[in-house]
Amino acid sequence: MRSIWNGVISFGLVRIPIKLVNATESHAVPFREIHTEDGGRIRHRKFCELEEREVTAQEISRGYEEADGTIIPITDEDLAHLPIPTARTIEIVTFVPEDSIDPLQMSAAYYLAAGRAPAARPYTLLREALKRGNRVAIAKFALRGRERLGMLRVVGEAIALHGLLWPDEVRAPEGIAPDADVTLHDKELNLADDLVDALSEVGLEDLRDEYREAVEQVVAAKISGEALPEVPEPERGVEVLDLTTALERSVRAVRGEPDEEAGVERLPRRRASRSSPKETGGRKSTSKAEKKTASPARKSTSKTSQAEKKKTAAKSTAGKTSSKKASSKKPPEARTPSRKRSA
């Protein structure tokens with residue numbers, strides 16, 4: 001892997017030459033900007049406003065713009081005189097337990113490779129010290145024109161560096177959580193635990209980027225001149241009685257058990273929207289069961305419609321009779337408990 005930064009780790013008086021390499025890579029399908037009318041490639045070029053011409057990368061440097069628009073050139077030689085020790089050093093400042101780091105602070109990830117042969121011994125020493133202490137190292141380093149905060153931890157037999165946001169760069173979650181006074185019942189909490197346990201059987205290694213795979217199918221079809229893949233119809237959201245019912249049906253769906261309450265009377269949509277976001281899982285899990293129960297009804301309806309063509313006189317009477325029967329079969333159970341929970 002190609003290094004993007006060379007420097008040293010400062011571990012007390014121990015200095016470890018290292019190379020910084022990217023620990024992650026993107027597998028997103030790359031697209032190019034083109035002119036819609038003729039398909040011509042759109043390129044973004046560097047243009048000098050004073051000379052009104054395109055310039056090369058070798059002609060470009062950096063500058064600081066003042067409030068009045070004046071730009072002060074800043075060269076690499078100027079930055080070499082930064083009055084901080086972290087210009088080419090990852091300076092370890094403290095060691096803390098890993099669980100004391102808020103994941104909100106974590107950003108880009110890098111691997112630290114030993115720079116030269118003499119670095120192998122101190123590199124291994126730092127790695128084993130992190131292992132034995134079950135801690136991570138917090139360090140300061142400069143990268144891409146600014147000083148950054150980082151966390152060093154052991155990954156396999158290597159040391160990884162996670163960029164961290166400064167504490168004042170993480171916003172407080174004020175006003176995010178609902179301010180309503182919500183009381184949860186023991187049954188709801190127990191069902192939520194069951195649903196968490198059932199969904200925990202899926203491992204991270206089983207997950208894949210389905211959106212990227214779908215994009216690749218579309219691109220392959222365009223290249224070969226074949227018909228584009230058909231867009232699947234979105235699953236219809238099914239409204240359930242209350243949060244408890246949604247949890248129960250979600251657990252059964254994840255476990256592959258039959259849904260015995262597919263015909264339960266449903267509340268208006270506005271009550272379902274007040275429930276917890278976990279209710280979404282209940283809607284998805286019950287949609288298949290609803291489709292199965294709905295399909296025989298469609299067939300019987302189509303047969304009835306054919307017979308009604310021959311008997312136009314009895315058409316309105318049959319429609320009214322069937323609607324009365326359908327409404328009388330709806331069980332009224334659980335309507336009152338659901339209102340209590342939503343309140």
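Counting from 1, the numbers follow the sequence of the chain as shown.
- Taking 4.5 Å as the limit, every side-chain heavy atom of Tyr64 sits out of range of all side-chain heavy atoms of Ile71.
- For Val254 against Ala198, the heavy-atom pair with the smallest separation is CG1-CB, 3.5 Å.
- Of the inter-residue distances, the one linking Leu20 atom CG with Tyr111 atom OH reads 12.0 Å to the nearest 0.5 angstrom.
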**Request:** Please step through side chain to side chain contact (heavy atoms under 4.5 Å, CB included) for the pair Tyr110 and Asn22, ending with a clear verdict.
**Result:** CA-CA 5 Å; Tyr110 309 92; Asn22 286 317; 3.5 Å; yes
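- Ion pairing of Glu59 with Arg53 is present here, as a side-chain N (NZ or NE/NH1/NH2) and a carboxylate O approach within less than 4.0 Å.
- For Leu149 against Pro167, the heavy-atom pair with the smallest separation is CD2-CD, 4.4 Å.
- When side chains are defined from C-beta on, Glu248 counts as touching Lys187, because their heavy atoms get closer than 4.5 Å.
- Both Ile92 and Trp5 are part of a single hydrophobic cluster, where members link through side-chain heavy atoms under 4.5 Å apart.
- Crowding of Tyr123 atom OH: a count of heavy atoms from other residues, nucleotides or ligands under 6.0 Å exceeding 12.
- In terms of heavy atoms, Phe47 sits closest to Glu54 at CD1-N, 3.8 Å.
- Asp194 CG to Leu189 CG: the interatomic distance, rounded to the nearest 0.5 Å, is 11.0 Å.
- Between the Glu188 side chain and the Thr244 main chain, no donor and acceptor come within less than 3.5 Å of each other.
- By the neighbour-count criterion of 12 heavy atoms within 6.0 Å, atom CZ of Arg41 is densely surrounded, having more than that number from other residues, nucleotides or ligands.
- In plain terms, the two heavy atoms of Val55 and Cys48 that are nearest each other are CG1-CB, 4.0 Å.
- Once rounded to the nearest 0.5 Å, the distance linking CD of Gln217 with CD of Glu210 reads 10.5 Å.
- With a 4.5 Å cut-off between side-chain heavy atoms of Ile, Leu, Val, Met, Phe, Trp and Tyr, the cluster of Val218 takes in Leu228.
- Closest approach of Gln105 to Trp166, counting heavy atoms only: NE2-C, 4.4 Å.
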Let me check something: any side-chain donor-acceptor pairs from residues 150-163 under 3.5 Å, sequence neighbours excluded? List them with distances.
{"residue": "Arg153", "atom": "NE", "partner": "His162", "partner atom": "NE2", "Å": "2.8"}
{"residue": "Glu157", "atom": "OE1", "partner": "Arg127", "partner atom": "NH1", "Å": "3.4"}
{"residue": "Glu157", "atom": "OE2", "partner": "Lys131", "partner atom": "NZ", "Å": "3.3"}

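- Looking only at side-chain heavy atoms (C-beta outward), Asp76 and Arg62 come within less than 4.5 Å of each other.
- Counting heavy-atom neighbours within 6.0 Å of Arg212 CZ, excluding the residue itself, gives a total above 12.
- Ile101 CD1 to Leu164 CG: the interatomic distance, rounded to the nearest 0.5 Å, is 6.0 Å.
- Closest non-hydrogen pair, Ile90 versus Ile18, comes out as CD1-CD1, 3.9 Å.
- In terms of hydrophobic clustering, with Ile, Leu, Val, Met, Phe, Trp and Tyr side chains grouped at heavy-atom distances under 4.5 Å, Phe141 and Val136 are assigned to different clusters.
- Here OG of Ser10 is found 12.5 Å from NZ of Lys140. Values are rounded to the nearest 0.5 Å.
- Considering CG of Leu104 and CZ of Arg171, their distance stands at 12.0 Å, rounded to 0.5 Å.
- For the side chain to side chain contact (heavy atoms under 4.5 Å, CB included) criterion with Glu128, the lone passing option out of Leu125, Leu126, Leu130, Thr124 is Thr124.
- Between the side chains of Thr75 and Asp78, at least one donor N or O sits under 3.5 Å from an acceptor N or O.
- Val29 forms part of a hydrophobic cluster together with Phe31, Tyr211, Val215, Val219, Ile223, judged by ILVMFWY side-chain heavy-atom separations under 4.5 Å.
- Under the 4.5 Å side-chain heavy-atom criterion for ILVMFWY residues, no single connected hydrophobic cluster contains both Phe95 and Met106.
- Looking only at side-chain heavy atoms (C-beta outward), His27 and Asp209 stay at 4.5 Å or farther from each other.
- Contact annotation: the side chain of Leu243 never approaches that of His185 to less than 4.5 Å [non-hydrogen atoms, C-beta and beyond].
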